[in-house]
Amino acid sequence: MSAQDHPLSPASERDAQYVEIASRHHGCKVTEGRIYRLERNFNNPHIFDHGEAYIVDDETKDNYSIFMLCKTILYK
């Protein structure tokens, strides 16, 4: 899915439901330009008020590092 294929609007970190990978770092198992559904882990409520955000990457693994290793655009 790309932003042009789906009517998405920009979102804050709190409201985001999708994340587009604008650029990626070598080793990050995601596709540039692809939009991924944003998942949230609520196992650490004392650290993450709105859940720790992650995606399921191209290798079907939970990927929590995309916000550190990739330039992203958030959508709702």
Side-chain angles (χ1 to χ4, degrees):
M1 174 182 1
S2 70
Q4 294 79 19
D5 299 334
H6 197 277
L8 299 172
S9 58
S12 66
E13 284 185 37
R14 178 180 182 170
D15 297 330
Q17 296 175 334
Y18 299 93
V19 60
E20 180 178 2
I21 308 301
S23 64
R24 68 180 186 90
H25 186 272
H26 177 73
C28 197
K29 306 299 182 189
V30 293
T31 303
E32 265 185 46
R34 182 172 170 195
I35 296 178
Y36 296 84
R37 179 167 180 72
L38 194 60
E39 307 290 343
R40 296 188 185 270
N41 178 341
F42 293 95
N43 290 337
N44 297 307
H46 302 290
I47 300 172
F48 301 101
D49 291 337
H50 306 289
E52 184 177 12
Y54 70 96
I55 64 163
V56 177
D57 66 19
D58 294 348
E59 294 184 340
T60 65
K61 295 180 180 176
D62 295 350
N63 187 327
Y64 290 87
S65 66
I66 60 160
F67 297 106
M68 294 180 284
L69 297 177
C70 302
K71 181 177 178 183
T72 60
I73 303 168
L74 301 173
Y75 297 104
K76 58 180 173 182

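For clarity, every value in this text was computed on a predicted model and none was experimentally measured.
The line from CG of L69 to OG of S23 is 10.5 Å long, rounded to the nearest 0.5 Å. Interatomic distance, CG of L8 versus CG of L74, reported as 11.5 Å (0.5 Å rounding). Taking CG from N63 and SG from C70, the interatomic distance works out to 7.0 Å, rounded to the nearest 0.5 Å. Taking CD of E13 as the reference point, atom NE2 of H50 lies at 10.0 Å (rounded to 0.5 Å).
Applying the side-chain hydrogen bond (donor to acceptor under 3.5 Å, both in side chains) rule to D62 yields no partners; only residues at least two apart in sequence or on another chain are considered. With sequence neighbours excluded, the residues that form a side-chain contact (heavy atoms from CB on, under 4.5 Å) with A53 are L38, R40, F67.
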Apply side-chain hydrogen bond (donor to acceptor under 3.5 Å, both in side chains) to residues Y64 and N41 and explain how you reach the verdict. CA-CA 10 Å; Y64 290 87; N41 178 341; 3.0 Å; yes
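Taking all atoms of both residues into account, the shortest heavy-atom contact from D58 to R34 is OD1-NH1, 2.8 Å. When all heavy atoms of V30 and R24 are compared, the pair lying nearest together is O-CD, 3.1 Å. Heavy atoms only, all atoms of each residue included: I21 and Y36 are closest at CG1-CE1, 3.6 Å. Across all non-hydrogen atoms, the minimal contact from E52 to N44 is OE1-ND2, 4.2 Å.
Put simply, the side chain of S12 gets close to the backbone of D15: a donor and an acceptor are under 3.5 Å apart.
I73 has its side chain out of reach of P10: every pair of non-hydrogen atoms, C-beta onward, lies at least 4.5 Å apart.
More than 12 heavy atoms of other residues, nucleotides or ligands shown are found within 6.0 angstrom of CD on E32.
Using a 3.5 Å distance cut-off with no hydrogens or angles, the side chains of Y75 and E20 do pair a donor with an acceptor.
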